[in-house]
A.B. asks: 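Questions regarding the structure given below will be posed in turn.
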Amino acid sequence: MLDPKSFRQDLDALVQKLKWRGHAFDVEKYHGLESRRKNLQEQTEDLQARRNRISREIGIAKSKGKEVNSLMHEVSSLGDDIKLRGSALSEVQLELQAMMNEIPNLAHESTPLGMDEASNVEIRQWGTPREADFTLMDHVDLGESLGMMDYGLASKLSGSRFVVLKGQLAGLHRSLSQFMLDTHIRDHGYCEANVPLLVNQGSLFGTGQLPKFEEDQFKTSEDPPLYLIPTAEVPLTNAVAGRIVEDSELPMRLVAHTACFRREAGSYGRDTRGMIRQHQFEKVELVHAVRPDESYEALEIMTSHAETVLQKLELPYRVIALCTGDMGFAASKTYDIEVWLPSQQLYREISSCSNTEDFQARRMKARWRNPETGKPELLHTLNGSGVAVGRALIAVMENYQNQDGSITVPEVLQPYMHGVTRLSK
RNA sequence: GGAGAGUUGGCAGAGUGGUCGAAUGCGCCGGUUUCGAAAACCGGUGGCUGUAACAGGUCCGAGGGUUCGAAUCCCUCACUCUCCGCCA
């Protein structure tokens with residue numbers, strides 16, 4: 001949510017900024033609602049002030065044993081009027097609110113301008129894609145030929161976009177998540193959290209998935225209305241929802257390893273092969289809650305934490321700055337980290353690190369007490385994958401494959417694999 | 001699933017229809033005192049909205065109702081705690 005005050009200042013500039021974010025703001029509708037709101041609010045509060053004053057007088061008069069009939073008469077008609085205007089007011093406010101709720105965050109000045117991914121900017125590369133003297137297989141062929149990846153069974157159990165991992169490959173997957181967690185907890189100072197996978201509507205509203213992206217979520221039931229989390233960003237970020245956090249608690253760094261669930265409603269036909277895009281996948285998620293003036297520094301730090309995982313796994317990657325039109329709803333600035341996939345001969349997203357500034361904080365009323373002013377102010381929240389476990393498994397399989405179809409276990413994962421250094425039949 | 005108790009400011013906890021945004025204590029901030037500190041004493045100390053600043057409005061778990069007037073009475077819901085049942 002944007003600051004409502006910003007709409008009363010330079011509206012033209014704001015509309016232009018939103019245009020770059022792919023959002024057409026209806027100026028006329030806004031002006032209509034806003035002037036009605038102002039009118040009704042002034043009238044309502046005026047009437048309320050009168051009622052409060054007279055009612056207080058009635059109380060005083062009664063306690064002194066005076067006659068109050070004339071005062072009662074004066075105020076008796078106010079009630080209906082207040083109720084009428086009040087309900088008109090809240091109707092207008094709801095409409096305005098609904099309008100505001102669907103507006104994406106504004107981009108930071110350092111975010112490249114552009115309408116789609118063609119305008120994304122590469123920031124840096126790390127590592128060198130390996131040259132192989134044999135034909136490289138993709139992760140599906142590798143996994144199936146090892147007998148450790150079963151799409152047939154998964155579709156029988158659940159349908160498309162699911163997979164069953166077996167044996168050492170399932171172990172490698174688990175090792176990856178353990179390794180990532182340990183790295184962030186021990187080396188990067190994160191607080192580990194184990195969080196609910198089912199959340200309420202308020203939590204999804206807070207991080208920005210609702211109301212606009214309802215169709216991307218798995219809703220489990222109507223009563224109570226619970227949703228499977230699309231990312232641990234939702235429960236982790238909402239840890240500060242409704243709170244006034246003490247300065248001493250900042251910066252707050254949280255990490256969780258969870259399953260994530262997505263409908264992938266808008267991506268029929270995309271990435272249908274393999275486990276690139278699944279309805280259920282695992283992710284190690286990083287969330288920061290920080291002082292506002294430290295959030296861009298925090299974004300660099302968080303991104304470096306995700307990069308560390310890939311560096312330790314010795315997987316080549318590049319970092320991309322997403323442009324205004326390609327960023328997610330809540331983000332002001334986003335770095336995507338893309339890992340090298342030899343079978344496709346291209347880099348694929350494996351992490352996305354975003355600074356949402358105060359966008360989520362405003363939605364979830366997450367504040368900190370600024371010691372300089374003593375006042376509560378919105379804090380800034382960031383989230384990033386550190387990293388997607390399923391996609392990391394794919395990257396390891398493809399980058400560490402051998403000519404005979406076996407897969408070497410990366411050195412940093414070997415302690416987690418208890419002596420297994422190579423996955424083979 | 002059944003029975004009961006509760007939800008008030010940063011925390012604890014009064015208030016059960018009227019000058020209540022709310023006693024008191026703790027905490028916090030400022031001052032007096034002190035070489036300094038503790039103790040003691042004095043003063044201050046909620047959020048949102050709004051204003052140039054006042055004023056005004058709003059908030060006592062959420063929503064609705066009764067009333068001239070609701071933290072206080074009524075209804076619905078959510079959550080917490082205790083006991084019983086069931087259960088990983």
Side-chain angles (χ1 to χ4, degrees), chain A residues 1-9 33-101 194-206 210 219-227 235 238-250 252 259 289 358-379:
Chain A
M1 200 190 307
L2 301 180
D3 186 352
K5 283 180 192 147
S6 62
F7 288 85
R8 291 170 217 159
Q9 289 154 10
L33 286 171
E34 179 62 10
S35 69
R36 270 174 66 204
R37 193 222 95 228
K38 204 165 181 178
N39 235 309
L40 283 167
Q41 185 156 345
E42 279 171 7
Q43 292 172 1
T44 309
E45 293 186 357
D46 227 58
L47 289 169
Q48 286 171 326
R50 262 183 74 195
R51 185 188 62 189
N52 288 347
R53 187 169 42 79
I54 299 174
S55 290
R56 202 173 305 135
E57 282 172 23
I58 292 175
I60 295 169
K62 270 197 171 175
S63 70
K64 289 178 180 163
K66 284 189 189 162
E67 208 270 318
V68 293
N69 277 350
S70 63
L71 284 171
M72 298 269 264
H73 180 73
E74 190 181 345
V75 83
S76 59
S77 60
L78 288 179
D80 291 341
D81 213 6
I82 289 175
K83 213 168 277 181
L84 222 65
R85 274 171 228 265
S87 66
L89 175 63
S90 55
E91 221 169 275
V92 172
Q93 278 174 327
L94 277 177
E95 253 184 276
L96 261 175
Q97 197 57 52
M99 200 176 172
M100 294 300 180
N101 287 345
N194 190 292
V195 295
L197 306 183
L198 288 166
V199 295
N200 59 28
Q201 288 167 319
S203 298
L204 283 164
F205 176 82
L210 289 182
K219 190 174 189 177
T220 61
S221 60
E222 287 297 332
D223 186 28
L226 290 175
Y227 296 75
N238 276 285
V240 290
R243 286 193 57 200
I244 300 176
V245 176
E246 290 304 324
D247 182 61
S248 57
E249 290 183 68
L250 300 178
M252 198 184 287
D358 62 12
F359 186 84
Q360 294 179 324
R362 183 171 287 109
R363 288 172 91 95
M364 61 176 70
K365 296 180 175 50
R367 292 168 294 173
W368 69 301
R369 199 169 289 279
N370 184 344
E372 281 177 32
T373 62
K375 295 281 177 194
E377 295 172 16
L378 292 172
L379 42 75

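Because only heavy atoms are used, hydrogens play no part in the values below, and waters and symmetry mates are left out as well, while side chains stay in. Chain A is the first sequence line, chain B the second, and so forth, proteins listed ahead of strands; every chain is numbered from 1.
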A.B. asks: Among B/U58, B/G50, B/G47, which nucleotide sits nearest the side chain of A/Gln48?
C.D. replies: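 Nucleotide nearest to A/Gln48's side chain: B/U58.
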
A.B. asks: Measuring from the side chain of A/Ile60 (C-beta onward, heavy atoms only), which nucleotide among B/G47, B/U19, B/G57 has the closest atom?
C.D. replies: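 The listed nucleotide nearest to A/Ile60's side chain is B/U19.
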
A.B. asks: Given that A/Arg50 and A/Lys375 both sit by RNA chain B, which one's nearest nucleotide is further toward the 5' end?
C.D. replies: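 Looking at RNA chain B, the more 5' nearest nucleotide goes with A/Lys375.
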
A.B. asks: Measure from CZ on A/Arg85 to C1' on B/G57 and round the result to the nearest Å.
C.D. replies: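 One finds 16 Å between C1' of B/G57 and CZ of A/Arg85, rounded.
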
A.B. asks: Using whole Å, what does the distance between atom P of nucleotide B/G57 and atom CZ of A/Arg37 come to?
C.D. replies: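 Distance check: A/Arg37 CZ to B/G57 P gives 17 Å.
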
A.B. asks: With a non-hydrogen cut-off below 4.0 angstrom, is A/Glu246 in contact with a base, only sugar-phosphate, or nothing?
C.D. replies: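 Contact class for A/Glu246: none.
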
A.B. asks: Distance-only, no hydrogens or angles: does the A/Arg362 side chain make a donor-acceptor pair with backbone N or O of A/Met1 under 3.5 Å?
C.D. replies: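 Checking the backbone N and O of A/Met1 against the side chain of A/Arg362, a donor-acceptor pair under 3.5 Å is found.
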
A.B. asks: Using a heavy-atom cut-off of 4.0 Å across all strands, would you classify A/Lys38 as base, sugar-phosphate, or nothing?
C.D. replies: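 Nothing, no nucleic acid heavy atom in range.
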
A.B. asks: State which of B/G18, B/C48, B/U19 makes the closest approach to the side chain of A/Arg56.
C.D. replies: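 Nearest nucleotide to the side chain: B/U19.
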
A.B. asks: I'd like the C1' distance from B/C87 over to B/G1, given in whole Å.
C.D. replies: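 Taking atom C1' in both B/G1 and B/C87, they lie 12 Å apart.
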
A.B. asks: In whole angstrom, give the distance that lies between atom CZ of A/Arg243 and atom P of B/G9.
C.D. replies: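 My rounded result for the distance is 15 Å.
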
A.B. asks: Without hydrogens or angle criteria, can the side chains of A/Asn101 and A/Gln97 be said to hold a donor-acceptor pair below 3.5 Å?
C.D. replies: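 Per modelled atom types, A/Asn101 and A/Gln97 side chains form a pair under 3.5 Å.
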
A.B. asks: Expressed in angstrom and rounded to an integer, what is the separation of A/Asp81 atom CG from B/G57 atom P?
C.D. replies: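 One finds 16 Å between P of B/G57 and CG of A/Asp81, rounded.
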
A.B. asks: Can you tell me how far C1' in B/A12 sits from the matching atom in B/U66, rounded to whole Å?
C.D. replies: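 One C1' to the other, the span is 33 Å.
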
A.B. asks: Give a yes/no answer on whether the side chain of A/Arg53 brings an N or O atom under 4.0 Å of OP1 or OP2 in B/G57.
C.D. replies: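 Checking A/Arg53 against B/G57: no side-chain N or O falls below 4.0 Å of OP1 or OP2.
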
A.B. asks: Please walk me through it: do A/Leu89 and A/Arg37 pass side chain to side chain contact (heavy atoms under 4.5 Å, CB included)?
C.D. replies: CA-CA 6 Å; A/Leu89 175 63; A/Arg37 193 222 95 228; 4.2 Å; yes

A.B. asks: What is the base-pairing partner of B/C41, counting Watson-Crick and G-U wobble geometry with both distances under 3.5 Å?
C.D. replies: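 Pair assignment: B/C41 / B/G31.
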
A.B. asks: On a whole-Å scale, what distance lies between the C1' atoms belonging to B/A23 and B/C75?
C.D. replies: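 Nearest-Å result for B/A23 against B/C75 at atom C1': 30 Å.
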
A.B. asks: Nearest whole Å is fine: how far is B/A70 P from A/Ile82 CD1?
C.D. replies: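 About 10 Å, once rounded to whole Å.
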
A.B. asks: Calculate the interatomic distance between A/Asp80 atom CG and B/U67 atom C1'; express it in whole Å.
C.D. replies: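 About 12 Å, once rounded to whole Å.
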
A.B. asks: Is there a Watson-Crick or G-U wobble partner for B/G25 with both distances under 3.5 Å, and if so, which one is it?
C.D. replies: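 Base partner found: B/C11.
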
A.B. asks: Specify the residue among A/Asn52 and A/Lys5 whose closest nucleotide of RNA chain B lies further upstream toward the 5′ end.
C.D. replies: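 The 5'-side residue here is A/Lys5.
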
A.B. asks: Both distances below 3.5 Å, Watson-Crick or wobble geometry, any strand: find the nucleotide opposite B/C68.
C.D. replies: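 The base-pairing partner of B/C68, which may sit in any strand shown, is B/G18.
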
A.B. asks: Find the partner of B/G63: check Watson-Crick (N1-N3 plus N6-O4 or O6-N4) and G-U wobble (N1-O2, O6-N3) distances, both under 3.5 Å, and reply none if neither fits.
C.D. replies: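 Checking every strand shown, B/G63 finds its partner in B/C75, with both distances under 3.5 Å.
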
A.B. asks: Using the C1' atom in both, what is the distance from B/U16 to B/C73, to the nearest Å?
C.D. replies: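 The same atom, C1', in both gives a distance of 9 Å.
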
A.B. asks: Which value, rounded to the nearest 0.5 Å, describes the distance between A/Leu204 atom CG and A/Leu226 atom CG?
C.D. replies: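 Answer for the CG-CG pair, A/Leu204 versus A/Leu226, is 10.0 Å.
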
A.B. asks: Watson-Crick or G-U wobble partner for B/A5, using a 3.5 Å limit on both distances?
C.D. replies: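 B/A5 is paired with B/U80.
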
A.B. asks: Side chain of A/Arg367 only, heavy atoms from C-beta on: which candidate in B/G47, B/C68, B/G57 is closest?
C.D. replies: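 The nucleotide sitting nearest to the side chain is B/G47.
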
A.B. asks: Do A/Glu57 and A/Glu74 have side chains that get closer than 4.5 Å, going by heavy atoms?
C.D. replies: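 Answer no - side chains too far apart.
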
A.B. asks: Ignoring hydrogens and angles, state whether a donor on the side chain of A/Asn200 or A/Ser203 is under 3.5 Å from an acceptor on the partner side chain.
C.D. replies: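 The criterion, which ignores hydrogens and geometry beyond distance, is satisfied for A/Ser203 and A/Asn200.
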
A.B. asks: Answer yes or no: is there an ion pair linking A/Arg8 with A/Glu34, defined by an N-O contact shorter than 4.0 Å?
C.D. replies: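 Result for this pair is yes, salt bridge flagged.
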
A.B. asks: If the C1' atom of B/C29 is compared with that of B/C20, how far apart are they to the nearest Å?
C.D. replies: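 Per the computed distance, 25 Å lies between those C1' atoms.
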
A.B. asks: Starting at CZ of A/Arg369 and ending at P of B/C29, how long is that distance when rounded to a whole Å?
C.D. replies: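 Value for this atom pair: 12 Å.
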
A.B. asks: Name the nucleic acid region contacted by A/Arg362, choosing base, sugar-phosphate or nothing; use a 4.0 angstrom heavy-atom cut-off, strictly under.
C.D. replies: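 It contacts nothing in the nucleic acid.
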
A.B. asks: For atom P, what is the distance between B/G46 and B/G21, given to the nearest Å?
C.D. replies: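 Those two atoms are separated by 15 Å.
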
A.B. asks: Looking only at the side chain of A/Glu45 (C-beta and beyond, no hydrogens), which of the listed nucleotides B/G56, B/U49, B/C68 gets closest?
C.D. replies: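 Selected nucleotide (nearest to the side chain): B/G56.
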
A.B. asks: In whole Å, what separates the C1' atom of B/C74 from that of B/G85?
C.D. replies: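 Rounded to whole Å, the distance is 32 Å.
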
A.B. asks: Closest to the A/Lys83 side chain: B/G57, B/U66, B/G18?
C.D. replies: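 Out of B/G57, B/U66, B/G18, the nucleotide with an atom closest to A/Lys83's side chain is B/U66.
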
A.B. asks: Mind checking the C1' distance from B/G61 to B/C81? Whole angstroms is fine.
C.D. replies: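 Looking at atom C1' only, B/G61 and B/C81 are 15 Å apart.
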
A.B. asks: Between B/G10 atom P and A/Trp368 atom CH2, what is the distance in whole Å?
C.D. replies: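 Rounding to the nearest Å, CH2 of A/Trp368 and P of B/G10 are 18 Å apart.
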
